[in-house]
Enquirer: 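My questions all concern the structure below.
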2 protein chains.
Amino acid sequence: MPENEPTLDEQIAAYQREFADLDPQVEQIVSALGRLNRRMNVAYGRQTATLGISNAEWEVLKALVLAGQPYRMGPGDLAKQLGLTPAAMTHRIDRMVAEGLVTRDRDETNRVRVIVGLTDAGRQKWLDAMELATTFEEDLLQDLSAKERGVLGELLTRLLQRVELGG
Amino acid sequence: MPENEPTLDEQIAAYQREFADLDPQVEQIVSALGRLNRRMNVAYGRQTATLGISNAEWEVLKALVLAGQPYRMGPGDLAKQLGLTPAAMTHRIDRMVAEGLVTRDRDETNRVRVIVGLTDAGRQKWLDAMELATTFEEDLLQDLSAKERGVLGELLTRLLQRVELGG
DNA sequence: CCTGAAGACTTCAAAGCTAAAGTTCGGACC
DNA sequence: GGTCCGAACTTTAGCTTTGAAGTCTTCAGG
């Protein structure tokens, strides 16, 4: 979608002109991360759209599958994992129940609690989305050798550890 | 914000159980990219909040500074660069004009066109934000040697080129 | 029991976004 | 030089998210 966007190199050069204390190496990494993610989200959005769902709904499906059998979670936990407010989760689940992707039931043992469960249709959507996503991801990484992929994964994991500490 | 979130390793193991055709190396990279970006956006959001602006407004400031002297762009170009609709840009500029971060003037030569310009206050906000951001980014990368940073930057740039081709 | 406090979800109002329709101006064509 | 088309922005309506207030349930104490 961004068309007149400057190239990464142009962007870094411009920042250096405007802000002297800039480490171009750091800026390259950070800007590339940001751009990559935006592009990837657009690509995922196009894919999920072909399946008739949104990225937002896909994330709920992912969380439920991640929870493992029997694919059930409370709205509050879902909200925490996706970084949403409980209110947003309520609405999102409303839509997904209407579409038959998940079920919403009261917990029998504690009637304050609600349990969101994946339907077969929801699980199938996740599988379909996974199929598309892995194809895209393999495509994205096609220029990197196995060794380079290993290095990249390791470096990113280290960054992630650093940032997931100070949560 | 995500609290009960599984670790990256747990997540990959769970995906492998549920989806046999999964390349763990690819998944590690992709998932780490996604998580990193979410954490970073939260961190940036906290920083810009201390300056009294939002991430959304910061992005407009960045685009204007990137344009270079005299820091002027049309709403349409801004919208393209930020990946927004023109309508969203109109509203966002409304707010930023009210806050004194940018100006909005009619182009004298073509009165359909509008020109958004950075104010001194807006430029100063960008400088302040840049100060905070570079500190955070340096902190994020503190565990990586100069050589590792070079490798990471190069690998990310190659991924970006791949994904920016098929726009 | 009955009450009060805390927890889990929902409801409500307001902010910000998108898509589509509307406005206004510039330029080309006849 | 009048008319029509297209470009650039704004307006409108509807949707998603947030933050705050509200509802219902559980549990601990009296």
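So that the names make sense, note that chain A is the first sequence line, chain B the second, and so on, each numbered from 1.
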Enquirer: Taking the minimum atom-to-atom distance to the side chain of B/V114, which one of D/dT10, C/dA8, C/dT11 wins?
Expert: D/dT10
Enquirer: Please report the distance, rounded to the nearest Å, between CD1 in B/I53 and P in C/dG16.
Expert: 14 Å
Enquirer: Whole angstrom is fine here: how far is it from CD in A/E57 over to P in D/dC15?
Expert: 14 Å
Enquirer: Just N and O in the side chain of B/R95: are any of them under 4.0 Å from OP1 or OP2 of C/dG16?
Expert: yes
Enquirer: For B/R111 and D/dA8, what is the distance between atoms CZ and C1' respectively, to the nearest whole Å?
Expert: 14 Å
Enquirer: Categorize A/P86 for me: base, sugar-phosphate, or nothing, with a 4.0 angstrom heavy-atom threshold over every strand shown.
Expert: base
Enquirer: Would you mind reading off the distance between A/I93 atom CD1 and D/dT17 atom P, rounded to a whole angstrom?
Expert: 11 Å
Enquirer: Rounded to the nearest angstrom, tell me the gap between atom NZ in B/K80 and atom C1' in D/dC9.
Expert: 13 Å
Enquirer: Looking at A/R104, does any N or O in its side chain come under 4.0 Å of the phosphate oxygens OP1/OP2 on C/dT10?
Expert: yes
Enquirer: Let's see if you can work this out: which of C/dA8, D/dT17, D/dT11 has an atom nearest to the side-chain heavy atoms of A/A56?
Expert: D/dT17
Enquirer: Nearest whole Å is fine: how far is D/dG19 P from A/H91 NE2?
Expert: 13 Å
Enquirer: With a 4.0 Å cut-off on N to O distance, would you call A/R92 and A/E99 a salt bridge?
Expert: no
Enquirer: Distance check needed: C/dT10 P versus A/D94 CG, whole Å only.
Expert: 7 Å
Enquirer: Toward the 5' end of DNA chain D, which comes first, B/A87 or B/V112, by nearest nucleotide?
Expert: B/V112
Enquirer: Side chain of B/E10, backbone of B/T7: donor and acceptor closer than 3.5 Å?
Expert: yes
Enquirer: Flag the pair A/K125 and A/E57 as a salt bridge only when some basic side-chain nitrogen lies within less than 4.0 angstrom of an acidic carboxylate oxygen.
Expert: no
Enquirer: Can you confirm whether A/R123 is buried at CZ, in the sense that more than 12 heavy atoms of other residues, nucleotides or ligands lie under 6.0 Å from that atom?
Expert: no
Enquirer: When you measure from the side-chain N and O atoms of A/R92 to the phosphate of D/dT17, is any distance below 4.0 Å, counting only OP1 and OP2?
Expert: yes
Enquirer: Around atom CD of A/Q69, are there more than 12 heavy atoms from other residues, nucleotides or ligands closer than 6.0 Å?
Expert: yes
Enquirer: Between atom CD in A/E59 and atom P in D/dT17, what is the gap in whole Å?
Expert: 10 Å
